[in-house]
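What follows is a set of notes on a single structure, which appears directly below.
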Amino acid sequence: MTLLPSFKSMGLVALASGMAVLAHTPVAAHAEDNKEPYTRLEIHATGTTEAAPDKLSARFRAESQNKNAASAQGGVNAVVKKATDEAAKNADIKAAVLQYSVYETRPEKASPYWTASQTLSFSATDGKNLLPLAGQLQAKGLILEGLDWSLSDEKRQSLFLEAEKKAIIELKKQADTLAQSLGLHVARFTQISVSDQGYPHPMPIMLRAAVAGAANDSLDASPSSTAETQTVRADLRATVLLEP
């Protein structure tokens, strides 16, 4: 006698068959939903700001020579101390005592001697304070190796923010103009990167009376300087999404 399957068994078979069909039937993906409906646009712009530098730096070198190493070092130490003490009288002037070196020289037809040397750096926000000091230190035997005008960190940062704002305005103009040319509209900016590759370097200036005792120059003459305008740049790159 043939047994007929029960309704419960038939239901399980039908369910299993249905699951097998589903497993082999490809599921339709909503490609239009996943596809980005935007046109990507890569643009860049540069904003610039100009200003006069507000920081003047002077680099000096103190030297002393003697047949005795200790005496040579003592001579340099004394000169450096007098220089830093003089600079400390003005709160606007900041002093930094830097590299120190001692070496022996043995000439072929003369007695050997020792040379002690140390470099110093002085900076001020006002050249009127630093330049007279530079002249005084020259007269005391220090060698003025260079004068540089530059922007202080605070002023440079402030100028860089202004340059960024100008670059952003330029980015928006570019995005709108290009979008209109393509018959599209700006949806949004998705990525913006900023760099300051145009960081202004210190501006060296010509020196006068760079060596104490120079011919036809007064020993207490102060060097002259001109603070030339410097430019701060902000370079921005952006990715813009355009839509119909």
Side-chain angles (χ1 to χ4, degrees), residues 52-156 197-231:
D54 61 338
K55 181 180 179 181
L56 178 62
S57 300
R59 299 185 307 279
F60 284 90
R61 176 165 49 89
E63 278 192 357
S64 177
Q65 295 180 349
N66 198 287
K67 294 181 179 180
N68 181 277
S71 298
Q73 294 177 71
V76 164
N77 296 344
V79 172
V80 170
K81 185 179 187 306
K82 289 180 181 179
T84 53
D85 288 346
E86 195 66 30
K89 296 178 181 179
N90 192 317
D92 184 48
I93 299 177
K94 297 181 180 179
V97 182
L98 307 173
Q99 293 86 355
Y100 193 105
S101 64
V102 181
Y103 58 91
E104 184 182 21
T105 302
R106 292 179 174 272
E108 293 183 1
K109 299 180 180 181
S111 301
Y113 61 90
W114 291 86
T115 300
S117 175
Q118 186 161 33
T119 57
L120 302 88
S121 175
F122 299 93
S123 62
T125 57
D126 189 349
K128 295 180 180 179
N129 292 325
L130 183 56
L131 292 176
L133 174 64
Q136 295 174 23
L137 297 181
Q138 284 177 301
K140 292 181 179 180
L142 278 82
I143 301 172
L144 178 57
E145 295 187 325
L147 281 172
D148 297 315
W149 278 107
S150 62
L151 296 170
S152 63
D153 292 339
E154 296 78 8
K155 187 169 185 178
R156 191 193 72 82
Q197 297 179 356
Y199 182 90
H201 298 286
M203 297 290 292
I205 59 181
M206 297 301 293
L207 302 181
R208 180 172 61 82
V211 179
N216 300 323
D217 271 327
S218 172
L219 289 177
D220 60 353
S222 300
S224 59
S225 67
T226 301
E228 298 182 358
T229 300
Q230 296 193 27
T231 301

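Side chains included, hydrogens not; waters and symmetry mates left out as well; all remaining heavy atoms used.
Around atom NZ of Lys82, no more than 12 heavy atoms belonging to other residues, nucleotides or ligands sit under 6.0 Å away.
Note that the CD1 atom of Ile93 and the CG atom of Leu130 stand 5.5 Å from one another [nearest 0.5 Å]. Here the straight-line distance linking atom OG1 of Thr119 with atom CZ of Phe60 works out to 12.0 Å at 0.5 Å rounding. Gln65 CD to Ser117 OG: the interatomic distance, rounded to the nearest 0.5 Å, is 10.0 Å. Here the straight-line distance linking atom CG of Asp92 with atom CG of Leu56 works out to 10.0 Å at 0.5 Å rounding. Distance check: Glu86 CD to Leu137 CG gives 7.0 Å after rounding to the nearest 0.5 Å. Remark: Gln99 CD to Gln118 CD distance equals 9.0 Å, nearest 0.5 Å.
Between Ser123 and Lys55, the shortest heavy-atom contact is CB-CE, 3.8 Å. Closest heavy-atom contact between Leu144 and Ala58: CD1-CB, 4.1 Å. Closest approach of Ala62 and Leu142 over heavy atoms only: CB-CG, 4.2 Å. Across all their heavy atoms, Pro53 and Glu228 have their closest contact at CD-O, 2.9 Å. When every heavy atom of Ser150 is checked against every heavy atom of Gln230, the shortest pair comes out as CA-NE2, 3.5 Å. Asn66 and Ala72 make their closest contact through CB-N, 3.7 Å (heavy atoms, listed as atom of the first residue, atom of the second, distance).
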- prompt: Hey, mind stepping through Ser121 and Leu98 against side chain to side chain contact (heavy atoms under 4.5 Å, CB included) and telling me if it holds?
  reply: CA-CA 7 Å; Ser121 175; Leu98 307 173; 4.0 Å; yes

message: Set out, in order, the CA-CA distance, both residues' side-chain angles and the distance that settles side chain to side chain contact (heavy atoms under 4.5 Å, CB included) for Val76 and Val102, then state yes or no.
response: CA-CA 10 Å; Val76 164; Val102 181; over 6 Å; no

message: Is there a side chain to side chain contact (heavy atoms under 4.5 Å, CB included) between Tyr103 and Thr115? Walk through the geometry before answering.
response: CA-CA 6 Å; Tyr103 58 91; Thr115 300; 3.4 Å; yes

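A heavy-atom distance below 4.5 Å is found between the side chains of Pro107 and Tyr113. Under the 4.5 Å side-chain criterion, counting only non-hydrogen atoms from C-beta, Thr84 is in contact with Val97. Looking at heavy atoms from C-beta onward, Asn129 lies out of side-chain contact with Phe122 at the 4.5 angstrom threshold. Counting only heavy atoms from C-beta outward, the side chains of Tyr100 and Gln73 approach each other to under 4.5 Å. Residues Leu131 and Pro223 have side chains in contact (heavy-atom distance under 4.5 Å, counting atoms from C-beta outward). Looking at Arg59 and Asp148, their side chains come closer than 4.5 Å, going by heavy atoms from C-beta outward. Side-chain contact check for Val79 versus Ser64: every heavy-atom pair is 4.5 Å or farther apart.
Formation of a donor-acceptor pair under 3.5 Å by the Lys155 side chain with backbone atoms of Ala52 is found in this model.
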